[in-house]
2 protein chains.
Amino acid sequence: MGITKTEIFTKQQNETALLMKALGHPARIAIVEYLLSVNACICGDIVNELALAQPTVSQHLKELKNAGIIKGNISGNAICYCIDETAIDTLRVYFGGISDNLEKKKKMCC
Amino acid sequence: MGITKTEIFTKQQNETALLMKALGHPARIAIVEYLLSVNACICGDIVNELALAQPTVSQHLKELKNAGIIKGNISGNAICYCIDETAIDTLRVYFGGISDNLEKKKKMCC
DNA sequence: AATCTTTATCGTAATATTGCAATATAAAAA
DNA sequence: TTTTTATATTGCAATATTACGATAAAGATT
């Protein structure tokens with residue numbers, strides 16, 4: 001049907017999936033990496049950096065913002081986007097936890 | 001168009017995005033968490049665990065397997081799925097790296 | 001004020017995803 | 001061998017995503 005049955009999963013599972021989904025596109029990975037590479041939080045030259053049209057980049061930025069992965073400050077008529085540490089931390093902790101858990105049960109698996 | 005322009009991104013960016021995309025659905029998060037919670041690598045009672053039809057679960061398992069997040073061993077007529085540590089490690093390192101990087105440039109951002 | 005610059009939104013076409021019933025496959029059990 | 005059990009595949013309907021041209025909105029510049 002193309003519609004996700006969110007109601008049968010926990011709030012945490014849905015939220016985790018939303019975070020991951022937001023990073024489940026190479027353009028959005030590239031945007032995050034670009035934001036990380038510049039020493040200040042540069043805004044719209046992301047469009048120049050990526051071979052994508054401006055509306056497309058804007059849409060990807062919106063999704064990253066909705067997921068809480070980036071945040072934007074208005075500065076004049078431009079907008080300064082940057083990575084939101086909280087989301088990255090959540091992901092770091094999540095995968096760290098799985099990794100630790102797997103370490104413990106080593107050799108109990110395939 | 002619904003089609004991702006993979007050719008304009010690096011191989012690494014595409015691969016990272018594929019890993020994240022595979023985890024960008026609550027059912028697949030739930031599957032990974034279930035696999036982690038059982039002390040052996042249980043197979044098809046994932047269907048009983050989730051309120052989804054068997055073909056739907058099978059499809060999600062296939063996507064996780066394609067992305068390299070889980071692996072499956074045939075054992076009789078059943079299949080034993082379990083988490084592939086490599087993928088989790090890749091992601092742990094990836095977000096660990098971003099986190100470290102952000103730590104360094106603290107206060108240079110919004 | 002008129003224009004430029006920057007970003008967002010709308011509308012739309014092409015394609016992908018989600019979910020399931022029906023069916024296929026293949027090993028195990030009877 | 002027939003039946004059961006476990007899983008995968010096919011086909012399809014409903015919905016979501018990706019991408020972009022056209023346009024809007026709003027501050028900056030002239």
Side-chain angles (χ1 to χ4, degrees), chain A residues 1-9 13-14 17-31 34-35 40-67 70-82 110, chain B residues 1-9 13-14 17-31 34-35 40-67 70-82 110:
Chain A
M1 301 171 179
I3 191 165
T4 297
K5 279 183 145 184
T6 51
E7 70 278 8
I8 64 171
F9 305 105
Q13 286 169 338
N14 283 311
L18 280 180
L19 264 187
M20 310 270 185
K21 191 179 181 184
L23 291 171
H25 190 290
R28 296 194 288 269
I29 291 286
I31 289 172
Y34 179 69
L35 281 175
C41 36
I42 295 304
C43 48
D45 29 26
I46 298 169
V47 174
N48 292 33
E49 194 68 15
L50 303 185
L52 288 172
Q54 181 268 322
T56 308
V57 171
S58 187
Q59 193 176 294
H60 283 307
L61 285 169
K62 190 180 175 185
E63 277 173 64
L64 285 171
K65 202 169 148 198
N66 282 345
I70 62 173
K71 45 189 174 179
N73 280 45
I74 296 169
S75 96
N77 67 335
I79 296 181
C80 167
Y81 280 114
C82 66
C110 329
Chain B
M1 302 168 180
I3 190 164
T4 297
K5 280 183 147 182
T6 51
E7 70 279 7
I8 64 172
F9 305 105
Q13 286 168 340
N14 282 310
L18 279 181
L19 274 182
M20 292 306 280
K21 190 178 179 180
L23 291 171
H25 191 289
R28 297 195 287 269
I29 290 287
I31 289 172
Y34 179 69
L35 282 175
C41 35
I42 296 304
C43 49
D45 30 26
I46 298 170
V47 175
N48 292 33
E49 193 68 15
L50 303 185
L52 288 172
Q54 181 268 323
T56 307
V57 171
S58 186
Q59 191 177 297
H60 283 306
L61 285 169
K62 191 181 177 185
E63 277 172 65
L64 285 170
K65 202 169 150 199
N66 283 345
I70 63 174
K71 46 190 174 178
N73 281 45
I74 294 168
S75 95
N77 67 337
I79 296 183
C80 167
Y81 280 115
C82 65
C110 333

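Note that the structure is a prediction, hence the values are computed from the model and not measured. A, B, ... follow the sequence lines: proteins, then strands. Residue 1 opens every chain. All values below come from the heavy atoms of this structure, side chains included, with hydrogens, waters and symmetry mates left out.
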Chemist: Once you apply a heavy-atom cut-off of 4.0 Å, does B/K65 come out as touching a base, just sugar-phosphate, or nothing?
Modeler: nothing

Chemist: Ignoring hydrogens, what is the shortest heavy-atom contact between A/H25 and B/A17? Give both atom names and the distance.
Modeler: C-CB, 3.5 Å

Chemist: Which heavy atom of B/L50 sits nearest to which heavy atom of A/F9, and what is that distance?
Modeler: CD2-CE2, 4.3 Å

Chemist: Which listed nucleotide (D/dA6, C/dA8, C/dA21) is nearest to the side chain of B/P55?
Modeler: C/dA21

Chemist: Checking contacts here: which listed nucleotide (C/dG19, D/dA19, C/dA8) is nearest the side-chain heavy atoms of A/S58?
Modeler: C/dA8

Chemist: How close or far is atom P of C/dG19 from atom NZ of B/K62, stated in whole angstroms?
Modeler: 16 Å

Chemist: What's the CD1-P distance between B/I8 and D/dA19, to the nearest Å?
Modeler: 7 Å

Chemist: Starting at CD of B/Q13, measure out to CZ of A/R28 and round the result to the nearest 0.5 Å.
Modeler: 13.0 Å

Chemist: Please tell me which of the listed nucleotides, C/dT9, D/dC20, D/dA16, lies nearest to the side chain of A/L52?
Modeler: D/dC20

Chemist: So which nucleotide from D/dC20, C/dT7, D/dT7 ends up closest to the side chain of B/Y81?
Modeler: D/dT7

Chemist: Does B/I74 reach a base, just sugar-phosphate, or nothing at all? Heavy atoms under 4.0 Å.
Modeler: nothing

Chemist: Any N or O donor-acceptor pair linking the side chain of A/N77 to the base of C/dT7 at under 3.5 Å?
Modeler: no

Chemist: Using whole Å, what does the distance between atom P of nucleotide D/dA6 and atom CG of B/L61 come to?
Modeler: 15 Å

Chemist: Assess whether one donor atom and one acceptor atom, taken from the side chain of B/Q54 and the base of D/dA8, lie less than 3.5 Å apart.
Modeler: yes

Chemist: Would you mind reading off the distance between B/R28 atom CZ and C/dT17 atom P, rounded to a whole angstrom?
Modeler: 9 Å

Chemist: For the side chain of B/I3, counting heavy atoms from C-beta on, which of C/dA16, C/dC20, C/dG19 is nearest?
Modeler: C/dA16

Chemist: Select one nucleotide: of D/dC20, C/dA16, D/dT7, the one nearest the side-chain heavy atoms of B/K21.
Modeler: C/dA16

Chemist: Taking NZ from B/K5 and C1' from D/dT17, how many angstroms apart are they, rounded to a whole number?
Modeler: 15 Å

Chemist: Within this structure, what is the NE2-to-P distance between A/H25 and D/dT17, rounded to whole angstrom?
Modeler: 11 Å

Chemist: To the nearest Å, give me how far apart CD (A/E63) and P (D/dA16) are.
Modeler: 13 Å

Chemist: Both atom distances under 3.5 Å, Watson-Crick or G-U wobble: I'd like the secondary structure of DNA chain D as a dot-bracket string, with | for pairs made across strands.
Modeler: ||||||||||||||||||||||||||||||

Chemist: For the side chain of A/H60, starting at C-beta, report the closest nucleotide among C/dC20, D/dA19, D/dT17.
Modeler: D/dA19

Chemist: Using a 4.0 Å heavy-atom cut-off across all strands, classify A/T4 as base, sugar-phosphate, or nothing.
Modeler: sugar-phosphate

Chemist: Without decimals, in angstroms, what is the distance between B/Q59 CD and C/dA22 C1'?
Modeler: 15 Å

